[in-house]
There are 4 protein chains.
Amino acid sequence: MSVDERRPTKVKRLPREVRERQILDAAVRVFSQHGYHNASMDEISEVAGVSKPMIYAYLGHKEDLFAACIRREATLLIDAIAEGVQVESPPDMQLWHGLRAFFRFVGEQKESWRVLHRQATSQGGPFSDELLAMRDRAIALVDALLVRSATSRGMNEAATKSTEALAAALVGASESLADWWLDHPEVSDKVVAGWLMNLVWMGFGDLVDGNVWTPVKPEDGQS
Amino acid sequence: MSVDERRPTKVKRLPREVRERQILDAAVRVFSQHGYHNASMDEISEVAGVSKPMIYAYLGHKEDLFAACIRREATLLIDAIAEGVQVESPPDMQLWHGLRAFFRFVGEQKESWRVLHRQATSQGGPFSDELLAMRDRAIALVDALLVRSATSRGMNEAATKSTEALAAALVGASESLADWWLDHPEVSDKVVAGWLMNLVWMGFGDLVDGNVWTPVKPEDGQS
Amino acid sequence: MSVDERRPTKVKRLPREVRERQILDAAVRVFSQHGYHNASMDEISEVAGVSKPMIYAYLGHKEDLFAACIRREATLLIDAIAEGVQVESPPDMQLWHGLRAFFRFVGEQKESWRVLHRQATSQGGPFSDELLAMRDRAIALVDALLVRSATSRGMNEAATKSTEALAAALVGASESLADWWLDHPEVSDKVVAGWLMNLVWMGFGDLVDGNVWTPVKPEDGQS
Amino acid sequence: MSVDERRPTKVKRLPREVRERQILDAAVRVFSQHGYHNASMDEISEVAGVSKPMIYAYLGHKEDLFAACIRREATLLIDAIAEGVQVESPPDMQLWHGLRAFFRFVGEQKESWRVLHRQATSQGGPFSDELLAMRDRAIALVDALLVRSATSRGMNEAATKSTEALAAALVGASESLADWWLDHPEVSDKVVAGWLMNLVWMGFGDLVDGNVWTPVKPEDGQS
DNA sequence: TATGAATGAGCATTCATTCAT
DNA sequence: TATGAATGAATGCTCATTCAT
């Protein structure tokens, strides 16, 4: 058996499914390194150990290939988070576990995260649509969490209006913090998640409780 | 035939300074519309009303040109923020005015913002370095603010370690919220800034005060 | 799982002859639709319901395949014409029946005709040789007819020299008229054949009879 | 002067107009040799002594380039014919001079003729439209000639219906005869034109005069 | 100063063709 | 017999960049 693996016949003849995974793996790697535009199909095919025609036959054009990468990685991320969250838990625990799962994913799947965050956010191309949609979904989920939480604590008007915006802010903060964390691996994911949790959850709690910050002199806020 | 025809006004001999501004304006516009890679030097030269060799003579290669755009726009943003902040004010007011200036800038200079946020973040060309440096500077400023604030309120250890990370989170939250706001122009910049201020400042205040969130059951945090 | 599933009827083991016909049919169809170059072996194999390796095994390379198509269809055409012509008849009747058979074939086998006329004429691949040879054969046949006819009516020198050229002209006229006819299906094949017959036969008859057209002023013909 | 021509500066800097002609010349040559599909832009650029980007800048995509070739050559042909024909002459003389001009053109501009006849006729591609249109125009002109002629001689019904078809036949005959002639250069263009003129003009004259050919036994024509 | 003219170099894509099974 | 899997080799096209004027 091991001999077979060491000396593959000149041309490995693998089932489509396997090849597709190989290709996607290579593509994620290359896209994550060079970015969408600077990534060449040649390099991907080389890294995948597969000729270009196979890529086109199985995954389609460059754009399709990229979209497939995004879709796969985004699904992985979402699944990871979903797996972490317990639906029955109170909102804060859900958020907490969601954040932890998120940071764990970022820490373990650096390349996936880079593709998702760096490339797809960039701009243009029909794929960013796909990713922005998933980002919006994440925001909506957080929003729902915030709403539930606020409701249970007695929502006031100020909080009501702001939940969607704050959900967006939280997602952005998570992304940015994830980037920061990649440069500071000495901190554990648990700690990082804790910081963010404090910032956001406590801050939001204050808002809900009517414990709001306002400029000392109201007129200072005038534009 | 006549003297006028031999020296048509078409060939304007403009001072270098003016040409450079024309070119940068055009470049920002085109980069912001198509993204760095899809923007072609041809289109930029056309929009600028200047031939390509001039662009190369004045601003250098495409990368240089892009970096120049980033630099100019980032400087504008930073100046706008700096102008809003009063150095003598207490930390919260500084942050408040900084945020307000930031959102005002985003609202008024949409193209600039798009170039800064979308293009430069995207992929690690040599230019993103430039931008990341400025982003880091912003983070450092916020960090300093947080430190000052925490110090004045009696910093505890938990807060000390976290300031830089939280500054990064805040910057990310601001960016993300700015994007959200561009899709929800019905909200005033003041209100948006207020939301973020509450979230962050109050949350950070809680942290400093030792009023921290922790998982209900500590063991839940185990990975 | 069951025996039936292990030997699905899907894999028909057909005799070579049948497969070849399937393939040729498909090839004629595809070539006639897209032209030689734009026709892809993939599409042919798909239309034929046969995998590509089979095509190569049975009919050889693309060029060979095309040549085989040409040969088959040209043979069909020639047979159709030969069947119409009665060898015993006088030359004019032979030509007449030949033309009729030709137009009938064009009307009934449009795809065959398109392959023969459009594709093969077009470009000097090595296949067009094959077709040009058959075309030359047709011209030679017509030439023989003209010679016989002229001889029987007392050939003069002018006619002698011209028969081969006129045969070529007649073949070209037939082809062109066939194309015209495909766009004017309201005319019957008999009528069309009649027109051409008149034009050519009568004109040739005049020539043989010495009833020739000459420029009014001979010097007009000088170049 | 001659020295300058022998040692051009490394990069000749010619006005656009000149380059376009060079490119078109090369394109006609290459297309005529290899056919549209087998002609590569690389070879054209090489033959033209110009880099590919210039071709694209000046003449556009391959299809556009080909269409430009067709258009130029077709215009040359039509102009050559138009120049030969004297509008005031009687129909037969017009046809005569038209044919003579046509054969002269074919003899002198073999490459042009090959591009026009072989390539464009082939099929598919959006360019053949362009050429077919010009062919139709030629047919229409001949048709008009036939109609005028028939009218002046007392047109009968049989002739009336057939003119358009016969015009198509004549054009096809000319093309085919031109091809034949290219293989038989020993015959003068004048003689060839004379043969065709006789065939067609006399035959058509017979038709107009009611001197028609019919199958000996009418029932022979039944299908 | 200012530009039309020119190109090297690369990239996505496709297709006929052939193994290994 | 029959085919899914695999590729070498082109080819059309684009773009940043630079001369020669």
Side-chain angles (χ1 to χ4, degrees), chain A residues 8-20 37-45 49-58 60-65, chain B residues 10-16 19 37-45 49-58 60-65, chain C residues 10-16 19 37-45 49-58 60-65, chain D residues 8-19 37-45 49-58 60-63 65:
Chain A
T9 51
K10 198 178 161 194
V11 175
K12 293 185 217 164
R13 210 146 276 249
L14 300 176
R16 176 174 184 141
E17 208 182 336
V18 177
R19 284 287 191 225
E20 284 193 349
H37 276 100
N38 292 322
S40 80
M41 297 299 273
D42 269 296
E43 184 176 355
I44 293 174
S45 90
V50 161
S51 70
K52 275 188 294 177
M54 291 266 63
I55 301 185
Y56 283 88
Y58 286 165
H61 295 201
K62 194 181 184 184
E63 256 178 26
D64 301 328
L65 176 58
Chain B
K10 204 177 137 193
V11 177
K12 299 179 209 160
R13 304 251 165 179
L14 297 179
R16 175 168 186 139
R19 285 283 193 226
H37 274 101
N38 293 322
S40 78
M41 297 298 274
D42 270 296
E43 183 176 356
I44 293 174
S45 90
V50 163
S51 71
K52 274 188 293 178
M54 293 264 56
I55 298 184
Y56 282 87
Y58 284 162
H61 295 199
K62 193 183 185 185
E63 260 175 24
D64 302 328
L65 175 57
Chain C
K10 206 179 138 193
V11 177
K12 301 177 208 163
R13 302 251 165 179
L14 297 179
R16 176 170 185 136
R19 284 284 193 227
H37 274 101
N38 293 322
S40 80
M41 297 298 273
D42 270 297
E43 184 175 357
I44 293 174
S45 90
V50 162
S51 71
K52 273 188 295 178
M54 293 265 54
I55 299 184
Y56 282 87
Y58 285 163
H61 295 200
K62 193 183 186 184
E63 259 177 25
D64 302 328
L65 175 58
Chain D
T9 51
K10 199 180 164 192
V11 176
K12 293 185 217 164
R13 210 147 275 252
L14 300 177
R16 174 175 187 140
E17 208 182 339
V18 177
R19 284 287 191 225
H37 275 100
N38 292 323
S40 80
M41 296 299 273
D42 269 298
E43 183 175 355
I44 293 175
S45 88
V50 161
S51 69
K52 273 190 294 177
M54 291 266 64
I55 300 184
Y56 282 90
Y58 286 165
H61 295 201
K62 194 181 184 186
E63 256 178 26
L65 176 59

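Keep in mind that this is a model prediction, so the values were computed, not measured. Quick note on labels: first sequence line is chain A, next is B, and so on, each numbered from 1.
- Residue S45(C) holds its OG atom at 5.0 Å from CD1 of I55(C), rounded to the nearest 0.5 Å.
- R19(D) has a side-chain polar atom (N or O) that falls below the 4.0 Å cut-off from OP1 or OP2 of dA6(E).
- In this structure, CD1 of I44(C) is placed 8 Å from P of dA16(E), rounded to the nearest angstrom.
- Mapping V50(D) and V50(B) onto DNA chain E by nearest heavy atom places V50(B) at the nucleotide closer to the 5' end.
- We find that CG of D64(A) is positioned 12 Å from C1' of dT13(E), with the value rounded to whole Å.
- H37(B) and K62(B) make their closest contact through O-NZ, 3.5 Å (heavy atoms, listed as atom of the first residue, atom of the second, distance).
- Nearest nucleotide to the side chain of K62(B), out of dT17(E), dT17(F), dA6(E): dT17(F).
- The side chain of H37(B) places no N or O atom within less than 4.0 Å of a non-bridging phosphate oxygen (OP1 or OP2) of dC15(F).
- For D42(C), the side-chain hydrogen bond (donor to acceptor under 3.5 Å, both in side chains) partners are K52(C), not counting sequence neighbours.
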For DNA chain F, what string of dots and brackets results from 5' to 3' when Watson-Crick and G-U pairs need both distances under 3.5 Å, crossing pairs get [ ], and pairs with another strand get |? .||||||||||||||||||||
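- Nucleotide dT14(F) holds its P atom 13 Å from the CD1 atom of I55(D), rounded to whole Å.
- Within the 4.0 angstrom heavy-atom criterion, only backbone atoms of the sugar-phosphate kind lie near R16(D); the bases stay farther away.
- What separates CD of E63(D) from C1' of dT11(F) is a distance of 15 Å, to the nearest Å.
- Distances from the side chain of M41(A) to the nucleotides dA12(E), dT17(F), dT18(E) place dA12(E) closest.
- For M54(B), the listed nucleotide lying nearest its side chain is dT3(E); candidates were dA5(E), dT3(E), dT18(F).
- Of the residues near DNA chain E, E17(D) and Y56(C), the one whose nearest nucleotide (by heavy atom distance) lies more toward the 5' end is E17(D).
- One interatomic measurement links the two molecules: NZ of K52(D) to P of dC11(E), which rounds to 14 Å at whole-angstrom precision.
- Residue N38(A) contributes atom CG, which lies 13 Å from atom C1' of dA16(F) at whole-angstrom precision.
- Which of dT7(E), dA2(E), dC13(F) sits closest to the side chain of Y58(B) comes down to dA2(E).
- With DNA chain F read from its 5' end, the first of the two nearest nucleotides for D42(D) and D42(B) is the one closest to D42(D).
- Look at H61(A) and you'll find a side-chain N or O under 4.0 angstrom from OP1 or OP2 of dT13(E).
- Y58(D) meets the side chain to side chain contact (heavy atoms under 4.5 Å, CB included) test with R16(D), R19(D), E20(D), I23(D), M54(D); sequence neighbours excluded.
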